[in-house]
**Student:** 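Handing you this structure, nothing more for now.
Just so you know, ligand 1 is whichever comes first in the structure, and atom 1 is the first atom listed for that ligand.
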Amino acid sequence: MSHRTQVAIIGAGPAGLMLAHMLHLHNISTVILESRDREYALGRIRAGILEQGTVDILNSAGLGTRLKQEGMPHHGIDFAFAGEKHLIDVQKLCGKQVTVYGQTEIVRDLAEARDSYHGETLFEAEVTAIENPDSSPAIVSYRQNGKDQTLQADFIAACDGFHGIGRRSIPTKVLKTYDNEYPYSWLGILAKAPPHNDVVIYANHENGFALASMRSPDVTRLYLQVENDDSVDNWSDQQIWDALDERLLGDQYAQVNRGEILQKGITPMRSFVAEPMSYRRLYLAGDAAHIVPPTGAKGLNLAIADSAILASALINHYTKDDDHILKHYSDICLQRVWKVERFSWWCTTALHRNYKESEFNQKIHLAELDLLVTSETFARSFAENYTGLPIAHIPDF
Ligand code: APR
Ligand code: PHB
């Protein structure tokens with residue numbers, strides 16, 4: 001059986017769900033095809049800092065009810081290095097703030113909104129091929145319940161993450177990719193313990209980076225720099241807490257609040273960009289097109305920005321017969337993507353200890369952090385990036 005929609009969306013992550021929601025508000029039909037089951041797709045634990053622009057988009061798209069109640073606005077962040085802690089008050093520096101609200105919660109809000117208007121989301125439906133992206137209808141082949149099926153669409157949005165099929169469907173002679181790997185990973189824990197600090201702490205310690213974040217007044221999210229080939233099995237709970245105390249607080253008698261560890265995992269670090277972000281009727285958004293290392297928490301925000309730009313492009317196409325944004329979608333996104341890549345790379349290299357790097361480079365990183373906490377000009381640029389650079393096109397709702 002084959003059916004037809006205006007926009008076929010591959011992936012029910014934040015990029016796909018957000019795009020579908022924005023298009024729905026302009027009466028554009030979508031079908032989302034998601035390879036995983038609903039529970040898995042909605043339950044994944046990921047980053048949790050929202051730029052001001054992301055919060056504004058969620059609010060104006062009618063998705064802000066729980067975000068307003070449970071989101072935790074932060075006016076600043078702490079940097080701990082060379083034995084001291086310094087507050088960067090981003091609100092004072094650039095008039096904008098960030099909000100702590102887990103990606104898991106956003107995905108849940110988006111999925112519930114989609115259910116409320118009976119939007120079609122097919123779970124356990126793996127896209128196996130993208131055919132005919134040159135002309136309408138483009139065809140998406142997928143497999144669900146052991147059956148091969150097809151979906152016809154005017155456009156295909158590949159919001160299918162780094163390992164998805166969308167980017168791989170762009171001919172290799174057209175696609176150019178840029179990649180950077182880092183010689184460290186993050187060991188992350190979610191713990192049933194109140195945050196010990198009122199804002200997020202980024203620490204550069206001689207034993208490695210550490211980060212203290214939160215999800216709610218009762219749940220903390222904490223990370224430690226570890227080796228790339230490390231495993232959670234190498235770390236007892238006691239060792240994790242002791243390393244967090246040492247790196248975050250630098251005081252042998254101080255302790256972060258401890259509690260039951262609810263989840264543990266290792267996150268690799270990578271920077272990656274694919275150009276162009278579109279090919280004929282196929283458009284990439286979110287992790288399908290780019291990856292940032294998690295320092296600075298930009299992955300989710302970038303995904304939402306791409307979705308806003310792609311939604312604007314498709315809304316203008318259907319409602320105004322105007323293809324200007326659609327034609328320039330890739331260039332418009334990439335201009336912002338590269339700046340966010342730069343920021344994430346900078347936060348990562350300045351805050352981590354790369355023991356293979358020369359001592360000269362390590363000194364330079366500490367000088368950069370010192371500049372951040374002593375130069376208002378440097379700090380303002382950081383604040384503008386951290387709270388979110390402007391997004392070129394956001395639909396009206
Ligand atoms: N068919 C159907 N679905 C697919 C396929 C496929 N062939 N390949 C991948 N998917 C689904 C995945 O199962 C996943 O649910 O696409 C979805 C992609 O979602 P995300 O990986 O969350 O990507 P995105 O929406 O771009 O969100 C980016 O997620 O990884 C974090 O840090 C990242 O915060 C960033 C955000
Ligand atoms: C998180 O809360 O998971 C988080 C916070 C800040 C980061 C990255 C992740 O830079």
**Student:** Would you check if there is a donor-acceptor pair between the side chains of Tyr355 and Arg353 at a distance under 3.5 Å?
**Tutor:** no

**Student:** Any nitrogen or oxygen of Val127, side chain or backbone, less than 3.5 Å from one on ligand 1?
**Tutor:** yes

**Student:** Would you call Arg38-Asp115 a salt bridge at under 4.0 Å N-O?
**Tutor:**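 Answer for the salt bridge query: yes.
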
**Student:** Looking at ligand 2, does any of its N/O atoms fall within less than 3.5 Å of an N/O of Gly296?
**Tutor:**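 Looking only at distances, the answer is yes, because the N/O contact criterion of under 3.5 Å is met.
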
**Student:** When you look for heavy atoms under 4.0 Å from ligand 1, do you find them on the side chain of His163, its backbone, both, or neither?
**Tutor:** neither

**Student:** Is the contact between Cys159 and ligand 1 made by the side chain, the backbone, both, or neither, using heavy atoms and a 4.0 Å cut-off?
**Tutor:** backbone

**Student:** Going by distance only, is there an N or O of Ile165 that falls short of 3.5 Å from an N or O of ligand 1?
**Tutor:**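 Between Ile165 and ligand 1, no N or O pair is found under 3.5 Å apart.
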
**Student:** Would Ser213 count as a polar contact of ligand 2, with the cut-off being nitrogen or oxygen pairs under 3.5 Å?
**Tutor:** yes

**Student:** Check whether any N or O atom of Arg46, backbone or side chain, sits under 3.5 Å from an N or O atom of ligand 2, and answer yes or no.
**Tutor:** no

**Student:** Are the charged groups of Asp154 and Arg281 less than 4.0 angstrom apart, N to O?
**Tutor:**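 Answer for the salt bridge query: no.
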
**Student:** Does the distance from a Lys or Arg side-chain N to an Asp or Glu carboxylate O, for Arg380 and Glu384, drop under 4.0 Å?
**Tutor:**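 Between Glu384 and Arg380 there is no salt bridge, as every charged N stays at least 4.0 Å from the carboxylate O atoms.
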
**Student:** Look only at interatomic distance and state if Ala303 has a nitrogen or oxygen under 3.5 Å from any nitrogen or oxygen of ligand 1.
**Tutor:**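 In this structure, Ala303 places no N or O atom under 3.5 Å from an N or O of ligand 1.
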
**Student:** Measure from the ring center of His86 to the ring center of Phe79 and say whether it is less than 6.0 Å.
**Tutor:** no

**Student:** Short N/O distance, under 3.5 Å, between Arg46 and ligand 1?
**Tutor:**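 Yes, there is a polar N/O contact under 3.5 Å.
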
**Student:** Is the terminal nitrogen or CZ of Lys339 (NZ for Lys, CZ for Arg) located under 6.0 angstrom from the six-membered ring centre of Phe343 and within 45° of that ring's axis?
**Tutor:** no

**Student:** At under 4.0 Å between heavy atoms, is it the side chain or the backbone of Ala41 that contacts ligand 1, or both, or neither?
**Tutor:** neither

**Student:** For atom 5 (C) of ligand 2, find the nearest protein heavy atom and state the residue, atom name and distance (0.1 Å precision).
**Tutor:**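 Ranking protein heavy atoms by distance from atom 5 (C) of ligand 2, first comes Ile49 CG1, 3.4 Å.
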
**Student:** Compute the shortest N/O to N/O distance between Arg215 and ligand 2 and return yes if it is under 3.5 Å, no if not.
**Tutor:** yes

**Student:** Looking at Lys363 and Glu359, does any basic side-chain N land under 4.0 Å from a carboxylate oxygen?
**Tutor:**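 Looking at Lys363 and Glu359, the cut-off is not met.
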
**Student:** Any donor-acceptor pair under 3.5 Å linking the side-chain atoms of His393 with those of Asn316?
**Tutor:** no

**Student:** Under 4.0 Å from a heavy atom of Gly11: give me the atoms of ligand 1 that qualify, with their elements.
**Tutor:**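 Counting from 1, the qualifying ligand atoms are 11 (C), 16 (O), 17 (C).
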
**Student:** Quick one: does Asp287 get an N or O within less than 3.5 Å of an N or O on ligand 1?
**Tutor:** yes

**Student:** Looking at Gly164, which atoms of ligand 1 are within less than 4.0 Å of one of its heavy atoms?
**Tutor:** 8 (N)

**Student:** Within ligand 2, which atoms have a heavy atom of Ala297 less than 4.0 Å away?
**Tutor:**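 The list of qualifying atoms is 6 (C), 7 (C), 8 (C), 10 (O).
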
**Student:** Taking ring-ring contact (aromatic ring centres under 6.0 Å, His included) as the criterion, tell me which of Trp345, Tyr182, Phe162 meets it with Phe272.
**Tutor:** Phe162

**Student:** Does an N or O anywhere in Thr295 fall below 3.5 Å from an N or O of ligand 2?
**Tutor:** no

**Student:** Got a second to check how far Asn27's CG is from Tyr318's OH, nearest 0.5 Å?
**Tutor:** 12.5 Å

**Student:** Check Lys298 with Glu51, please: is the shortest side-chain N to carboxylate O separation under 4.0 Å?
**Tutor:** yes

**Student:** So does Asp237 pair up with Arg258, basic N to acidic O under 4.0 Å?
**Tutor:** no

**Student:** Any luck finding a side-chain donor-acceptor pair between Glu131 and Ser141 under 3.5 Å?
**Tutor:**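 Yes, because at least one side-chain N or O of Glu131 sits under 3.5 Å from a partner of the opposite role on Ser141.
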
**Student:** Between Ile10 and ligand 1, find which residue part has any heavy-atom pair under 4.0 Å and reply side chain, backbone, both or neither.
**Tutor:**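 The answer is the side chain of Ile10.
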
**Student:** Under 3.5 Å between any N/O of Pro14 and any N/O of ligand 1: does that happen in this structure?
**Tutor:** yes

**Student:** For ligand 1, which part of Ala125 has a heavy atom less than 4.0 Å away: the side chain, the backbone, both, or neither?
**Tutor:**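 For Ala125, only backbone atoms sit under 4.0 Å from ligand 1.
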
**Student:** Does any N/O atom on Glu34 come nearer than 3.5 Å to any N/O atom on ligand 1?
**Tutor:** yes

